[in-house]
Amino acid sequence: MSKSIKTKSFGYPKIGENRELKQALDSYWAKKISKEVFIKQVESINYTRMKKQKDFGIDSISSNDFSLYDFILDLSTMFGIIPQRFSDLSDDFDLYFSMARGNKQSAASEMTKWFDTNYHYIVPEIEGKLKIIKNRPLESYKWAKETLKIETVPNIIGPFTFIKLAKGYPRKDFAKLLFEVSNLYNEILKELEENKVKTIQIDEPALVLDLEDKEIDYLIKCYNIIKKNLKHLDIHVQTYYESLSYYHDIVSRLPVNGLGLDFTINNENLKNVKKYGFPKNKKLIAGVVSGRDIWKVNYEETTELIEELINITGQTDLIISNSCPLFHLPISTEKEKDNLQPELIKLLSFADQRLDELNTLKAIINKGNAIPYQNIKSIQKNFENKKVLKETSKIQENDIGRLARFAYRSQKQQERLNLPLFPTTTIGSYPQTTEIRKIRANYKKGLISKTDYDIFIKNKIKEVIELQESIGLDVLVHGEFERSDMVEYFGQKLDGFAFTKNGWVQSYGSRCVRPPIIYGDVFRSKKMTVDEVVYAQSLTEKTVKGMITGPVTILNWSFFRKDISKKEIAFQIALALKEEVLDLESSGIKIIQIDEAAFREGLPLKKAKQKDYLDWAIKAFKITNEDVQAETQIHTHMCYSEFNEIIASIYAMDSDVISIEASRSKGEIIESFEQLNYTHGIGLGVYDIHSPRIPSIEEIETIIERSIKVIDKKLFWINPDCGLKTRGYDETIKALENMVTAAKKARKNYKKLTVQ
Ligand code: GLN
Ligand code: ZN
């Protein structure tokens, strides 16, 4: 049987090889370049990325998968979903960027995490009627045709996913709104057809979530509306990040011409294809190279997979593609040649390498080219560490955790720490001024000696200890001046991690991150934080809190190995951190905070898988501190407030004190404590650190008063929402002074009340 499979790519990174998009945005926002120049610059970035896919010889290239800031914001502004507070802005860019970032008068729209990725989108706030303002997919299609002379497949996020993610409407109106917006999609698609577009890709990642039966019916109806009166335009629905839910139902009933499935994330889609088959009247777009992880494709296995799919579907012209948008990957490993070890580079694939893999697979299948020889397993062996493997194998999972119970521990801790009622503290970092960033950068470049750098950091620690004493805080921190990032810092000190030079991945808008790569067994060969914290403690009578990042957060913010389970990696990191915790304790540190800012981020999309994740994530956290004495107080910190659904798990982490974000949820989180029985120490953030605004004493008092109505006073801590790293000193000092004053007033009030 002769085969002629085709390649397809979508969601290629938008940031540019050298983060040109970030530079263009920053210059435009700073009014250093005009709107015209800005448009030219971004068009050139988009041109380069599309040209690259063309030059790679990809058969089907996407358009409208570029965005100035966020693709959901693109949709909102396309459908006239403009919050009232921005309605007076006449310039389209002013409006767009104000919604994204806020302006002098109005707060930005809410931003939140996109599925289980580290990308963040601007949440649509639906008010009033929707209408079409512009047809972005068409504009983008035409632009590509004119400038690059290519026929593209415009991409658009689908109505089902869009309405599911939107806010501002009662949930009972979901179907009504879905059908309303489906009519607009129909208009958009009709116009595409008139302009001779052949295929549109509609992304519906929400179809991998747990859905209700009635939602499937809505979905089918919605696509019937979308395709009304269309004659030639092919609709391909793309799903990713997990296996399609309700496979049989959706595959057989969804009235579209093609369906994209992710075959890299796990084997569930394949199992379903085998079990239920695939309809003859639909094209399968097989996501066979990962858009999410950075490991080279296994050609042998993937060739087999493609052959199998061709056999089952009978589609000799199968389309193979990346499994999910490629923007979760850095652009190319080429840039890392003189940075990462060659043995490691051999294992890696970033976005460009994925395009290459698609080509190679196509040639293997269509032309019968030889499967490239790969000895992945033996290369990986080089990164093994026998000692680590032995240690992890010794973990007795039923036995993890501290021996002493909380009641006993808290009594011992109070005897030792002698803290006042409502103790005040901060989350760890203090403002990272330009001076600090510059010195750290110069040190990295070798322009400053280690001795000079250490002296500089010590001086900063000294200053911040004095500052905290003068403000009157109860539990002090060392300020984290030696860290640029809470995960990177530990990754650089631990073995088994690698760092890219240019492996930028968009987190939101112009913000990019370079996730560390966990490639080998993780272990600690040197102390990581002890010197700084011990030095800080030597300067004061008050207690200084040790500060480390937890295992689950380190894992969730890194690219991780695929040859062992996430749980095993988490346990390896946990064992390494445990050594640090014990070293801190034996050096006289009485409180140790283990940050788990990204604990919730790793929560699987499908409910059925969440229990297993939470189970090992809790264990990993507990391993880090299970051997400390009862009188050592363990804190943890989490950066979000939506944890009602996982509160039991957070409780099970058994930390003595937890601090969480609360001020932005406007009291919602406090109310939820009426139902929750959380009986360990807890600090609900009393002010928002994301804004330079200084909270008044009264405001903080109100939050305290409200909180202690539902939380036991003896358990309540007073702290800001998160670290102070992004703030300036002026506002930080004033805010903390107000916080301390409010705490003192609360102490006084409470004492008075008990005397009466
Ligand atoms: N200790 C860290 C800090 O204060 C915590 C940061 C975070 O939770 N994202 O910066
Ligand atoms: Zn935080």
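Ligands are counted one by one from 1 in listed order, and the atoms in each one are counted from 1 as well.
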If you count the atoms of ligand 1 from 1 in the order shown, which ones are under 4.0 Å from a heavy atom of [X]?
X	answer
Gly723	3 (C), 4 (O), 10 (O)
Gly428	4 (O)
Met547	1 (N)

Legend entry - The one among Ser659, Ser429, Cys639, Gly479 that brings a heavy atom closest to atom 8 (O) of ligand 1: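 Selected option, by shortest heavy-atom distance: Cys639.
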
Legend entry - Ionic contact status for Lys450 with Asp454, cut-off 4.0 Å: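 Yes, Asp454 and Lys450 are salt-bridged.
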
Inset, instruction - Please work out whether any backbone atom (N, CA, C, O) or any side-chain heavy atom from C-beta onward of Met638 is under 4.0 Å from ligand 1, and answer side chain, backbone, both or neither. - result: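 For Met638, there is no contact with ligand 1 at all, from either part.
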
Inset, instruction - Please confirm whether Ile427 comes within less than 3.5 Å of ligand 1 when only nitrogen or oxygen atoms on both sides are compared. - result: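 Ile427 vs ligand 1: N/O contact under 3.5 Å present.
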
Inset, instruction - Using distance alone, decide if ligand 1 has a nitrogen or oxygen within less than 3.5 Å of any nitrogen or oxygen in Trp557. - result: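 So ligand 1 has no N or O lying under 3.5 Å from an N or O of Trp557.
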
Inset, instruction - Could you tell me the residue and atom name of the protein heavy atom closest to atom 5 (C) of ligand 1, and the distance to it rounded to 0.1 Å? - result: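 Its nearest protein heavy-atom neighbour is Asp595 OD2, 3.4 Å.
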
Inset, instruction - Identify, for atom 6 (C) of ligand 1, the protein heavy atom at the shortest distance, and state residue, atom and that distance. - result: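 Heavy-atom neighbour on the protein nearest atom 6 (C) of ligand 1: Met486 SD, 3.5 Å.
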
Inset, instruction - Of all N, O or S atoms in His637, identify the one at the shortest distance from the Zn ion (ligand 2). - result: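 Output for this pair reads NE2.
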
Inset, instruction - For the pair Arg561 (side chain) and Ile518 (backbone), establish whether a donor and an acceptor sit closer than 3.5 Å, ignoring hydrogens and angles. - result: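 No.
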
Inset, instruction - Please check if atom NZ in Lys607 has more than 12 non-hydrogen atoms from other residues, nucleotides or ligands closer than 6.0 Å. - result: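 Atom NZ in Lys607 is not packed in, count stays at 12 or less.
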
Inset, instruction - Just say parallel, tilted or perpendicular for the rings of Phe327 and Phe71, cut-offs at 30° and 60°. - result: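 If you compare the ring of Phe327 with that of Phe71, the planes turn out tilted.
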
Given the side-chain rings of [X] and [Y], with only the six-membered ring counted for Trp, is the space between their centroids under 6.0 Å?
X	Y	result
Tyr119	His328	no
Trp29	Phe97	yes
Tyr678	Tyr651	yes

